[in-house]
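The structure appears below as structure tokens.
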Amino acid sequence: MARGNVAEYNPQEIEKKWQRRWEEARVFETEADPAKPKYYVLEMLPYPSGTLHMGHMRNYTIGDVVARVKRMRGFNVMHPMGWDAFGLPAENAAIKNNTHPRTWTNNNIAEFQRVLRRFGFSYDWRREISTCEPEYYRWNQWFFLRMLERGLAYRKKSRVNWCPKCATVLANEQVVNGYCWRHEDTLVETREIEQWFLKTTAYAEQLLDDLKLLEGGWPERVITMQRNWIGKSQGARVKFAVADVMGAEPVEVFTTRIDTIYGATAVILAPTHPLVAKLLEGSAQRGEADAKLGRMRQASVKAEDLATAEKEGFFTGRHAANPFNGEKIPIWVGNFVLMEYGTGAVMCVPAHDQRDFEFCRKYGLPVRVVVQPLQGEQFAGETMAAAFDDHGDGKLVNSGPYNGLSPDEAIAKMAAVAKEKGFGRGETIFRLKDWGISRQRYWGTPIPVVYCAKDSMVPVADKDLPVVLPPNPKLTGMGESPLAETPEFVNTTCPKCGGPARRETDTMDTFVDSSWYFYRYCDPHNDKAPYDSAKVGYWFPIDQYIGGITHAILHLLYSRFWCKVMRDLGLITHSEPAARLFTQGMVQKGGVAMSKSRGNVVGALDMAEKYGADTGRLYTLFAAPPEKDLEWSEESIEGSWRFLNRVFRLVDRHAAALREVKSAGIDTAAATEKEKVLLRKAHQTLRRVTQDFETRWHFNSAIALIMEFYNEIQAQEPLEESVRPEVRKEALELLTLMLGPMTPHLAEELWEMLGHSEGLWTTSWPAFDSDLARDEEVEIVIQVNGRVRARVKVAAGLSEAELVPKALAEPAVAQHINGKRVVKQIVVPDKLVNLVVA
RNA sequence: GCCCGGGUGGCGGAAUGGCAGACGCUGAGGACUUAAAAUCCUCCGGGGAUUUUUCCUCAUGUGGGUUCGACUCCCACCCCGGGCACCA
């Protein structure tokens, strides 16, 4: 599209041209090679649904810049891409459009692939995986069987979270404030069903401890979120005998503050505690209690209600005996005690727990202080608010033989006594629960077990894997698993006795798929094992993992769990899959994240058609630092587009004359002033851009520096006057190379225009020359009492003794000193002189 | 309530104890053009003085502090965003 003899920047043409060349030259294909240093950079794999928008593109662009920089720096870079292809939306779309989930999914994958290719991301597409393919999900099944053998997969009847809209079970992690994570307006209900679980709790301690390995490499807040989620709590179980029901089991409570047990004035059970019914039998309180119980059990589970709900409860009419002193205290039922946490029962110590305090206040139960601060005002009991919740400095009072001990001493001693006398023991509990993986859905990995009347539950043999999904399911989207409605799938023979048997009809949570997919990239077509351990040994751990903060808990916790299981199976030797994690900010429009449902997406293809991929890439890198949210601005994109046009025109203007020129071996001794300025700016820019790429990842300021460099070249035009061709070429080449990782298509084109027949991809990242980057002259800021009063240009490297007289000689400085005495002088070489006068 | 982030011009942002506002967007004025687009040039935080040149001063959420010097470090508070939450 030349106008006259001036070429124009045409991204559509350029981008396709270089994408084709890269593919032909197989530039991004990579193999394990122990002779070379490796770098594994990975962006979280997408769920192929809807359209790819600029929010996605930002994520992939960040990864691509890193991949390209590392390649230029000599690393053997693996940068793969794949599809998280199982999941409910495919099934829902299939029901709606009367098609097959596979059709819908594969169409989306094809579309996603097209868009990612259009943006020129440097993926090794030979490693592409799709989790809905039997060649992938058979290994989900294989891992499941290994876990089953080790007791890490088990089945139990349990209350599960049930979303009435999804008509399926949700993991705890998929319940957000009591609502379904997919349906923000739908309250989650609970049901009792036989479910499969993976024993994540068996690794709770390791998942917590190994967070230490991630410090420095993972964002602190992700580590904190995981730590909170695992929720380790050290305490003790203590049994309180029921005093007035013959033969009743004791009530077991969990407490982190056994030292306050002499202050217990009640025992409180959760409304759903199994002992409640027994205690109420024949109790005088029975009638009133039943009504209250019913109300409590169906109380709202909404988080905002829970937090503000008033404490409620009732006396059971029964009493428990404090095992330490035999004191009889009433047994209550309270709405704030959770059956799911600890033992479902607490000892109520109103003086030292806010909730207990509120409860006792309401129902007139006594408050008894048992820990007093060492100094300051003593706690008064009835009139105080609950205090001293953490074990600070203090000593026990009203606690029999333990009086005078510090809380920590008392905790140790009392737990020991409880153990010795058999009514309690120290225990550590976790908030983390086992991972419920059963889904009553079609579009997922079938769980590879069968049920036989004779042999009960029998695992499918490895040789019979994969258990493949039936091709033509009846999909209704409601209730039971669609697989249960498919006789040809359900009916099978028992692997043990050969008799008739039924297959398990649940499929696995899709988080199973994404828990280990990055291992499969190392060896994507292996049909003997999930992967070759030697290949994984070369590539792992992932050097840089990049994704949204939304996965800070679920995906990353499950992946870490899976890694540890695989390690214990002897498949790998490391304990954590990703050495470094980067969580990029969201792309927003109108203040909210881009999403199809909100209708505020900027489509990636639209962007590519209007401005080209390079402009889109540049803009998402330039508009904000990568970890921050970015507000999309249609106007600002123009700036990135204009900049690339300017660069194109600049190189175009000079390229013809420079094609045959070599930039190497510039005689810098003979440099003119203009040349010095150019070379200095070039190498200063290179130094700082290199730093930005390597350490800070502040691509926005790196781009600003490159723009400044361009502006300097422009300011020195016409370059033909007193700038030798080799210097001109050096400047333009460095400009091109620095843009390379961010706008790779344009950079390749410019590189070619500058006379290179080999692609830019064959070139190493340039080394900056510190001699050329050195300033000969620097501007020194002169302050008087910390206020800038003058600036002087001086030769670089002057000493304090040389600088101070120059500072004093400035008229503005002399004026501000105004005859006063200089009491102190601070000199920062090449930067600043501060004269302190009194 | 607890735990993280964050608060800088009209806007996105820069400045890792040393010139606050780089770079870009928007806006204004000008050049080119029959005209428009594109392109190029100039200006662009507030107040004041000086008038056509510079100087002074205020200003990085608020108030204190440390320091020769603070957007940056410390303390307290306000606001915004996110995570967790009757977790015993």
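What you see is a predicted model, and the numbers here were worked out from it, not measured in a lab. Order of the sequence lines sets the chain letters (A, B, ...), proteins ahead of strands, with each chain counted from 1.
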Base, sugar-phosphate alone, or nothing: which one does A:N228 contact when heavy atoms must sit under 4.0 Å apart? nothing

Thinking salt bridges, do A:E205 and A:K232 make one under a 4.0 Å N-O criterion? yes

Between A:F582 and A:W697 (judged by ring centroids, cut-off 6.0 Å), do the two rings come close enough to count as a pair? yes

Pick base, sugar-phosphate or nothing for A:S633, based on heavy-atom distances below 4.0 Å to the nucleic acid. nothing

Mind checking the P distance from B:rA70 to B:rG81? Whole angstroms is fine. 32 Å

No-H, no-angle donor-acceptor pair, A:Q783 side chain to B:rG18 base, under 3.5 Å: yes

If I pick the P atom on B:rC43 and the same atom on B:rG21, what distance separates them, to the nearest angstrom? 15 Å

Using a cut-off of 4.0 Å on non-hydrogen atoms, how would the nucleic acid contact of A:N711 be classed: base, sugar-phosphate, or nothing? sugar-phosphate

For A:R431, which contact category applies under a 4.0 Å heavy-atom criterion: base, sugar-phosphate, or nothing? base

Are the charged groups of A:K793 and A:E779 less than 4.0 angstrom apart, N to O? no

Looking at residues at least two apart in the chain, or sitting in another chain, which of them share a side-chain contact (heavy atoms from CB on, under 4.5 Å) with A:E340? A:L338, A:K433

Donor-acceptor pair between A:Q588 and A:N600 side chains, under 3.5 angstrom: no

What distance, rounded to whole Å, do you find between the two C1' atoms, one in B:rC74 and one in B:rG9? 28 Å

In whole angstrom, give me the gap between the C1' atoms of B:rU8 and B:rG45. 11 Å

Of the listed B:rC68, B:rA14, B:rC40, the closest approach to the A:N700 side chain comes from B:rA14

Nucleotide nearest A:M707 when distance is taken to its side chain, options B:rG24, B:rC68, B:rA15: B:rG24

Using the P atom on both, measure B:rG7 against B:rC71 and round to a whole Å. 14 Å

For A:E635, report the nucleic acid contact type (base, sugar-phosphate, nothing); a contact means any heavy atom under 4.0 Å. sugar-phosphate

Separation of atom NZ in A:K362 from atom P in B:rC86, rounded to whole Å: 18 Å

Among A:K824, A:Q783, A:K820, A:R821, side chain to side chain contact (heavy atoms under 4.5 Å, CB included) partner for A:V836: A:K824

If you pin A:V346 and A:A624 to their nearest nucleotides in RNA chain B, which one's is more 5'? A:A624

When rounded to the nearest Å, what value does the distance between C1' atoms of B:rU16 and B:rC11 take? 26 Å

Residue-phosphate contact under 4.0 Å: A:R227 side-chain N/O, B:rC2 OP1/OP2: no

Sugar-phosphate only, base, or nothing, as touched by A:F643 at under 4.0 Å among non-hydrogen atoms: nothing

For a quick check of understanding: with a heavy-atom distance under 4.0 Å over all strands, which category does A:V337 fall into, base, sugar-phosphate or nothing? base

Which glycosidic conformation, syn or anti, is assigned to B:rG9 if syn requires a torsion within 90° of zero? syn

Looking only at the side chain of A:H816 (C-beta and beyond, no hydrogens), which of the listed nucleotides B:rA22, B:rC87, B:rC56 gets closest? B:rC56

d(CZ, A:R653; P, B:rC40) in whole Å: 9 Å

By nearest-nucleotide position on RNA chain B, the 5'-leaning member of A:K628 and A:F254 is A:K628

Under 6.0 Å between the ring centres of A:F359 and A:W332? yes

Report, as yes or no, whether the 6.0 Å neighbourhood of atom CZ on A:R237 holds more than 12 heavy atoms from other residues, nucleotides or ligands. yes

A:I706 versus A:F643: any side-chain heavy-atom pair under 4.5 Å? yes

Winner on side-chain proximity to A:Y341, out of B:rC68, B:rA88, B:rG13, is B:rA88

According to the Watson-Crick and G-U wobble definition with distances under 3.5 Å, which dot-bracket string, read 5' to 3', encodes RNA chain B, using [ ] for crossing pairs and | for pairs with another strand? (((((((..(((.....[....))).(((((.......))))).(((((....)))))..(((((..]....))))))))))))....

So what does A:R688 hit on the nucleic acid, given a heavy-atom distance under 4.0 Å: a base, only sugar-phosphate, or nothing? nothing

Distance check, C1' atoms only: B:rU66 and B:rU72, in whole angstrom units. 13 Å

What contact category does A:E779 fall into here, base, sugar-phosphate, or nothing, at under 4.0 angstrom with non-hydrogen atoms? base

Considering only atom C1', compute the distance from B:rA85 to B:rC3 and round it to an integer number of Å. 11 Å

